[in-house]
Amino acid sequence: MKAYRASLLWFAPCNGEPIQALFEQDGLLVVAADAAGCQRVHAIGAWQALSGQYAHVAVEHLPGRIIAPGFVDLHVHFPQTNVIGSPAEGLLPWLENYTFPEEMRFHSADYSAQAATFFLDELLRNGVTTALAFATMHPQSVDALMAEAQKRQLRFISGMVLMDRHAPSGLTHDTEQSLIETEALIQKWHGKDRLGYAITPRFAPTSTEAQLRGAGELAAKYPDVWIQSHVAENKDEIAWARQLFPASRSYLSVYDDFGLMRKRSIYAHCIHFDDADRALMRSTGAAAAVSPTSNLFLGSGFFDYVGADRVGFQYGLASDVGGGTSFSPFHTMLAAYYVGREGHAKQGVSLSPQHLWWQHTAGAARALGLDGVEGQPAIGNLLPGCEADFVVLNPQATPLLARKTALANSLDELLFSMIVLGDDRLIERTVISQAYNSGLSGVSSP
Ligand code: GUN
Ligand code: ZN
């Protein structure tokens, strides 16, 4: 066992009630290893209340610091680190001019390996402890990323991109081969240590019906793997999808028609939806990866939070690097606040800071089905039993942060200061629940 004395931020269990952040100014977090060697939260609460009971446990005292759950990035592209900040008229020219040429380079296992190392270093430096990540259409890109995530003992999910039409020839698969490779990668990586596999059709326009059907068959055969794709991001993309799949009610319905909507399926963007689409998300248990920096950068539109909450489907926050402009969850939460203003205009304020933070931690974990329900692992929170992936925040990291956070009169004011002013400098340390010394400064195990 080990304990940390610091300020603590976590979330009340979410049983349909409004999201509630919990905060202990002088708290104690106690972690203990389970039989498999995974450190889990054993107890959390006020130092006053717990210190007697855990007097025998070694305590690391972190005065002035805040311990909070590791962030969960619900949608990110590991091969697009170099694509960040590539301006284009919109999604489709951006894919063609910047993204596809860069993804071609992942044909090389060496290139994939060095990109994977940089990518995971960058996530951890920014306090992201779990991500659902696209690789490229090359199996070696998945192998490189999974091997690196396994070395760091991360809870991490990725998958090989499926494309068999409408992309450059170096990036399109033979349909049959793509499905054989996907199944081999599921067997190789899914459930290994803390890793999970996601069946990854890029988006409907770059797959034939045969490929989508095959992906749906694999999803049925492996009910606990994840599914990830893109939907309803951009008007030109939607028109294209409608033209290619005229029999489906909507772009989103294409995925449902091929058996690709269920719990553990995560669809990036979900901007241009009608209520029937929203109801389909809710009834299937699929979740949206809201990607506000990407949507603002590519001019795609604004996720409709009011519509999502009215109909009641799940969502969480995502960087969507490299359409997205930052690995920092603080930048993503701030962009989500701006986007929320759009939908909440008539009601005055936008999303609360507690809700924004939840969307990037416990909410994203719930969207992934990693909230401890039905025996699944729990991440994104610090309730007892959760895997102990967490960040140590230093609110004095910059002069302005120190000045502003010292003025906070409430939890909302404190969280808002960090969302608006924070970046990687606010993350003093990232702690991963299993024993591994990464050698990366600021990353450790409990
Ligand atoms: N739609 C299909 N592929 C992509 C991608 O790589 N990024 C984004 N933002 N949208 C997509
Ligand atoms: Zn994306």
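Read the numbers this way: they start at 1 and go in the same order the structure lists the ligands and their atoms. For reference, positions follow the sequence shown, starting with 1.
Taking the six-membered ring wherever Trp is involved, the centroid distance between the rings of Phe23 and Phe11 does not fall below 6.0 Å. The aromatic ring centroids of Phe416 and Tyr337 lie less than 6.0 Å from each other. Aromatic ring centres of Phe78 and Phe106 lie closer together than 6.0 Å.
The atom of Asp320 nearest to the Zn ion (ligand 2) is OD1, with the search restricted to N, O or S atoms. For His77, the N, O or S atom with the smallest separation from the Zn ion (ligand 2) is NE2.
Residues Gln80 and Thr99 bring no donor and acceptor atom of their side chains to less than 3.5 Å of each other.
Look at His269 and the Zn ion (ligand 2): no N/O/S atom of the residue is under 2.8 Å from the metal.
Summary of contacts: the protein heavy atom closest to atom 3 (N) of ligand 1 is Arg202 NE, 2.8 Å. The protein atom (non-hydrogen) at minimum distance from atom 10 (N) of ligand 1 is Glu233 OE1, 2.7 Å.
Heavy-atom separations between Trp94 and ligand 1 include at least one value shorter than 4.0 Å.
Neither the backbone nor the side chain of Thr206 has any atom closer than 4.0 Å to an atom of ligand 1 (non-hydrogen atoms only). Neither the backbone nor the side chain of Phe100 comes within contact range of ligand 1; no heavy atom lies under 4.0 Å.
Closest heavy-atom approach to atom 1 (N) of ligand 1 within the set His77, His269, Glu237, His230: this belongs to His230.
With the Zn ion (ligand 2) at the apex, His230 NE2 and His75 NE2 define an angle of roughly 100° (rounded to 10 degrees).
Note: Tyr255 and Tyr267 have tilted aromatic rings, judged against thresholds of 30 and 60 degrees for the angle between ring planes. Between His230 and Phe134, the angle of the ring planes lies from 30° to 60°, which puts this pair in the tilted group. Classified by interplanar angle (parallel below 30°, tilted 30° to 60°, perpendicular above 60°), the ring pair His355/Tyr315 is tilted.
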